[in-house]
Number of protein chains: 2
Amino acid sequence: MDAILRAIVEPRRRDILQLVQHQEKTSGDIAAHFPEVTRPAISQHLKVLEDAGLLAMRKEGTKRLYQAVPERLADLKRYLEAFWDDRLQLLAREAETEERRSSLPDDQRN
Amino acid sequence: MDAILRAIVEPRRRDILQLVQHQEKTSGDIAAHFPEVTRPAISQHLKVLEDAGLLAMRKEGTKRLYQAVPERLADLKRYLEAFWDDRLQLLAREAETEERRSSLPDDQRN
DNA sequence: TGCTTAATGAAGCGTCAACTTACATTACGG
DNA sequence: CCGTAATGTAAGTTGACGCTTCATTAAGCA
């Protein structure tokens, strides 16, 4: 999940994701949208996205076609949903903290 | 919005956010949850989170109490919702690309 | 086979950010 | 006042990463 978050933080990678969200595109096609950087740079971004599971690749001859994997975005969405609401982690941490405090006299609490 | 994304990508900051999501805590209290790093490191994280608008701070004597600002998380949520579905950016880019291609002979297309 | 096209791999560079140590600030309490 | 507690700031180090240039792989085709 961390890989997904790191992947989508880079603005260029978010742009790439948008590009192939609804249709496959070749590496060169994608690179053509970003004249401000070189092709290898795009290639590296594609690798990061693919490693994070956000992109699927299939070869067709000498071309490589990339497309977004909506399931992974759904994963991220679910994770964030849980992040907003989930108190479990918080409560676990609180439990041990409170326990430690209760066993100390008042003047040792901070 | 980029600031929010960058802020929550750092795992330690996500943990901090969870800690103060439902109750205020002092800087020292928060730092006590992360024995693996020093207090100044936490202080710096708090600043990043506060600058991103994700944390509110109020002073109480010499202490500083931090708490999450749920509105900003809601902003992020809305942004991501839009990100999944929004085709506007994509369509804009497609339009200019397709136009450029159609005006070129076949052998100049990539 | 050898040339061309599509794309990645590898090495190196510059920048950024998370961290540490040391110092400064601010407020309370005797 | 002065000391101490709570916290932030400054400066410096280090590792990660996005980028470029140059080299390499792989497929299609004469």
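The sequence lines fix the lettering, A, B, ..., with proteins before strands; numbering per chain opens at 1. Being a predicted model, the structure only gives us computed values, none of them experimental.
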Select one nucleotide: of [options], the one nearest the side-chain heavy atoms of [X].
X	options	result
Q44(A)	dA7(C), dG8(D), dC19(D)	dC19(D)
R6(A)	dC17(D), dT20(C), dT7(D)	dC17(D)
R12(A)	dG8(D), dA18(C), dC19(D)	dC19(D)
K63(A)	dT26(C), dT9(D), dA7(C)	dA7(C)
T62(A)	dA18(C), dG18(D), dA6(C)	dA6(C)

Need one value for [X]: base, sugar-phosphate or nothing, where a base atom within 4.0 Å counts as base even if backbone is also close, heavy atoms only.
X	answer
E36(B)	sugar-phosphate
R39(B)	base
S27(A)	sugar-phosphate

Can a side chain N or O of [X] be found less than 4.0 Å away from OP1 or OP2 on [N]?
X	N	result
H45(B)	dA17(C)	no
T26(B)	dT7(D)	yes
Y66(A)	dT8(C)	yes
T38(B)	dT20(C)	yes

Closest-nucleotide ordering on DNA chain C, the 5'-leading residue of V48(B) and P40(B): V48(B)
Nucleotide dC19(C), atom P - distance to CZ of F34(B) in whole Å: 10 Å
Separation of atom NZ in K59(A) from atom C1' in dT25(D), rounded to whole Å: 10 Å
I42(B) or R13(A), whichever maps to the more 5' nucleotide of DNA chain D: I42(B)
Rounded distance (nearest 0.5 Å) linking atom CG of L17(A) with atom CD1 of I8(A): 8.0 Å
Straight-line distance of R6(A) CZ to D51(A) CG, nearest 0.5 Å: 10.5 Å
Salt bridge present between R78(A) and E71(A) (N-O < 4.0 angstrom): no
Non-hydrogen atoms of Q67(B) and V20(B) that approach each other most closely: CG-O, 3.5 Å
Atom of L54(A), atom of A7(A) and distance for their closest heavy-atom approach: CD1-CB, 3.9 Å
